[in-house]
Amino acid sequence: MSYQIEQTILLRDYLKELPISQSMIKRIKREGDFLVNGKSQTVRCLLQKGDCLEIIFPIENSNIQPENIPLKIIYEDDYYIIIDKESQMPCIPTKRYQSHTLCHALMYYYQQIGLKSTIHLVNRLDKETSGYI
(Lines give C-alpha, C1' and ligand atoms only; values in the text may rest on other atoms or scores of the structure.)
Protein backbone atom coordinates (compact mmCIF):
# COMPACT_ATOMS: atom_id res chain seq x y z
CA MET A 1 0.00 0.00 0.00
CA SER A 2 1.30 3.45 -0.87
CA TYR A 3 0.49 6.80 0.70
CA GLN A 4 1.39 10.36 -0.24
CA ILE A 5 2.24 12.28 2.94
CA GLU A 6 0.47 15.62 3.33
CA GLN A 7 2.04 16.96 6.55
CA THR A 8 5.11 16.54 8.73
CA ILE A 9 4.47 13.67 11.15
CA LEU A 10 6.30 10.76 12.76
CA LEU A 11 5.76 7.49 10.93
CA ARG A 12 4.48 5.79 14.11
CA ASP A 13 1.85 8.56 14.55
CA TYR A 14 0.85 8.35 10.89
CA LEU A 15 0.38 4.59 11.22
CA LYS A 16 -2.11 5.15 14.08
CA GLU A 17 -4.35 6.99 11.60
CA LEU A 18 -4.45 3.99 9.25
CA PRO A 19 -6.73 0.96 9.59
CA ILE A 20 -3.81 -1.28 10.56
CA SER A 21 -3.78 -3.05 13.92
CA GLN A 22 -0.89 -2.67 16.35
CA SER A 23 -0.16 -6.40 16.06
CA MET A 24 0.10 -6.06 12.27
CA ILE A 25 2.43 -3.06 12.64
CA LYS A 26 4.67 -5.22 14.86
CA ARG A 27 4.64 -7.98 12.21
CA ILE A 28 5.51 -5.47 9.49
CA LYS A 29 8.47 -4.29 11.59
CA ARG A 30 9.71 -7.91 11.91
CA GLU A 31 8.75 -9.43 8.56
CA GLY A 32 7.79 -6.60 6.22
CA ASP A 33 9.04 -3.05 5.70
CA PHE A 34 8.21 0.65 5.73
CA LEU A 35 9.71 2.39 2.70
CA VAL A 36 9.87 6.17 2.62
CA ASN A 37 10.83 7.43 -0.82
CA GLY A 38 12.11 3.92 -1.55
CA LYS A 39 14.34 3.62 1.56
CA SER A 40 13.68 1.34 4.53
CA GLN A 41 12.81 3.32 7.67
CA THR A 42 11.83 2.71 11.30
CA VAL A 43 8.65 4.04 12.88
CA ARG A 44 10.76 6.88 14.36
CA CYS A 45 11.20 8.37 10.87
CA LEU A 46 9.93 11.94 10.52
CA LEU A 47 7.74 12.02 7.42
CA GLN A 48 7.72 15.24 5.41
CA LYS A 49 5.01 16.66 3.16
CA GLY A 50 5.39 15.08 -0.27
CA ASP A 51 7.07 11.88 0.96
CA CYS A 52 5.87 8.58 -0.45
CA LEU A 53 5.27 5.87 2.15
CA GLU A 54 5.01 2.30 0.95
CA ILE A 55 4.03 -0.40 3.43
CA ILE A 56 5.30 -3.89 2.61
CA PHE A 57 3.10 -6.40 4.42
CA PRO A 58 4.53 -9.78 5.47
CA ILE A 59 3.75 -12.72 3.20
CA GLU A 60 0.94 -14.74 4.71
CA ASN A 61 0.88 -18.51 4.51
CA SER A 62 -2.27 -20.56 4.21
CA ASN A 63 -2.97 -24.24 4.72
CA ILE A 64 -6.00 -24.12 2.40
CA GLN A 65 -5.34 -26.26 -0.65
CA PRO A 66 -6.31 -24.66 -4.00
CA GLU A 67 -9.21 -26.28 -5.85
CA ASN A 68 -10.19 -25.52 -9.44
CA ILE A 69 -13.75 -24.33 -8.81
CA PRO A 70 -15.19 -21.77 -11.23
CA LEU A 71 -15.80 -18.33 -9.71
CA LYS A 72 -18.16 -15.63 -10.90
CA ILE A 73 -16.08 -12.51 -10.24
CA ILE A 74 -18.19 -9.35 -10.13
CA TYR A 75 -15.50 -6.83 -9.19
CA GLU A 76 -11.78 -6.88 -8.45
CA ASP A 77 -9.08 -4.33 -7.66
CA ASP A 78 -5.77 -4.40 -5.76
CA TYR A 79 -7.52 -4.75 -2.40
CA TYR A 80 -10.95 -6.35 -2.86
CA ILE A 81 -12.65 -9.04 -4.86
CA ILE A 82 -16.42 -9.50 -4.99
CA ILE A 83 -17.73 -12.94 -5.91
CA ASP A 84 -21.27 -14.03 -6.77
CA LYS A 85 -21.34 -17.14 -4.57
CA GLU A 86 -23.48 -20.05 -5.66
CA SER A 87 -25.78 -21.72 -3.18
CA GLN A 88 -24.61 -25.02 -1.65
CA MET A 89 -21.02 -23.74 -1.44
CA PRO A 90 -19.65 -23.11 2.06
CA CYS A 91 -17.57 -19.96 2.40
CA ILE A 92 -14.90 -21.29 4.75
CA PRO A 93 -13.52 -24.74 5.51
CA THR A 94 -14.90 -26.38 8.63
CA LYS A 95 -14.71 -29.83 10.15
CA ARG A 96 -17.85 -30.72 8.16
CA TYR A 97 -16.83 -29.01 4.90
CA GLN A 98 -13.11 -29.56 4.43
CA SER A 99 -13.06 -28.97 0.68
CA HIS A 100 -15.02 -27.34 -2.15
CA THR A 101 -15.41 -24.02 -0.32
CA LEU A 102 -15.19 -20.47 -1.58
CA CYS A 103 -11.80 -20.18 0.15
CA HIS A 104 -10.47 -23.19 -1.77
CA ALA A 105 -11.69 -21.67 -5.04
CA LEU A 106 -10.12 -18.30 -4.21
CA MET A 107 -6.80 -19.93 -3.32
CA TYR A 108 -6.78 -21.56 -6.77
CA TYR A 109 -7.60 -18.22 -8.40
CA TYR A 110 -4.84 -16.50 -6.40
CA GLN A 111 -2.41 -19.20 -7.47
CA GLN A 112 -3.35 -18.69 -11.14
CA ILE A 113 -2.72 -14.92 -11.00
CA GLY A 114 0.45 -15.26 -8.90
CA LEU A 115 -0.96 -13.60 -5.77
CA LYS A 116 0.64 -14.82 -2.56
CA SER A 117 -2.00 -14.15 0.07
CA THR A 118 -4.44 -15.77 2.40
CA ILE A 119 -8.19 -15.30 2.33
CA HIS A 120 -9.81 -12.64 4.51
CA LEU A 121 -13.57 -12.66 4.04
CA VAL A 122 -15.26 -9.41 5.03
CA ASN A 123 -18.53 -11.23 5.58
CA ARG A 124 -19.92 -14.65 4.80
CA LEU A 125 -23.07 -16.26 3.50
CA ASP A 126 -24.53 -19.52 4.71
CA LYS A 127 -23.85 -22.57 2.57
CA GLU A 128 -27.42 -22.58 1.22
CA THR A 129 -27.40 -18.86 0.36
CA SER A 130 -26.26 -17.40 -2.93
CA GLY A 131 -25.20 -13.79 -3.44
CA TYR A 132 -22.35 -11.31 -3.47
CA ILE A 133 -19.52 -11.75 -1.03
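What's counted below: heavy atoms across the whole structure, side chains too, no hydrogens, waters or symmetry copies.
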Contacts of type salt bridge (charged side-chain N to carboxylate O under 4.0 Å, His left out), residue [X], not counting sequence neighbours:
| X | value |
| --- | --- |
| Glu86 | none |
| Lys16 | Asp13 |
| Arg12 | none |

Go through the steps for Val43 and Tyr14 under the test side-chain contact (heavy atoms from CB on, under 4.5 Å), then give the verdict. CA-CA 9 Å; Val43 294; Tyr14 186 79; over 6 Å; no

Ile133 to Cys91 - nearest heavy-atom pair and separation: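 It is CD1-SG, 3.5 Å.
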
Got a donor-acceptor contact below 3.5 angstrom from the [X] side chain to the [Y] backbone?
| X | Y | result |
| --- | --- | --- |
| Asp51 | Val36 | no |
| Glu54 | Tyr3 | no |
| Glu67 | His100 | yes |
| Glu31 | Ile28 | no |
| Asp126 | Thr129 | no |

If you round to the nearest 0.5 Å, how far is [atom2] of [Y] from [atom1] of [X]?
| X | Y | atom1 | atom2 | answer |
| --- | --- | --- | --- | --- |
| Ile92 | Leu106 | CD1 | CG | 12.5 Å |
| Tyr109 | Ile83 | OH | CD1 | 7.5 Å |
| Leu121 | Lys85 | CG | NZ | 10.5 Å |
| Ile82 | Leu71 | CD1 | CG | 13.5 Å |
| Cys103 | Gln65 | SG | CD | 13.0 Å |
| Ile119 | Ile81 | CD1 | CD1 | 8.5 Å |

Distance only, no hydrogens: is a donor on one side chain within 3.5 Å (strictly under) of an acceptor on the other, for Glu128 and Ser87?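 No, no side-chain donor-acceptor contact under 3.5 Å.
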
When you look at Tyr97 and Met89, which way does the side-chain contact (heavy atoms from CB on, under 4.5 Å) test go after all the steps? CA-CA 9 Å; Tyr97 304 108; Met89 176 188 278; over 6 Å; no

Criterion side-chain contact (heavy atoms from CB on, under 4.5 Å) against Ile55, the qualifying member of Asp33, Ile25, Leu15: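 The single option meeting the side-chain contact (heavy atoms from CB on, under 4.5 Å) with Ile55 is Leu15.
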
Would you check, one step at a time, whether the test side-chain contact (heavy atoms from CB on, under 4.5 Å) holds for Thr101 with Thr94? CA-CA 9 Å; Thr101 69; Thr94 63; over 6 Å; no

Please test Leu35 against Lys39 for side-chain contact (heavy atoms from CB on, under 4.5 Å), starting from the C-alpha separation and ending with a verdict. CA-CA 5 Å; Leu35 302 178; Lys39 291 179 145 183; over 6 Å; no

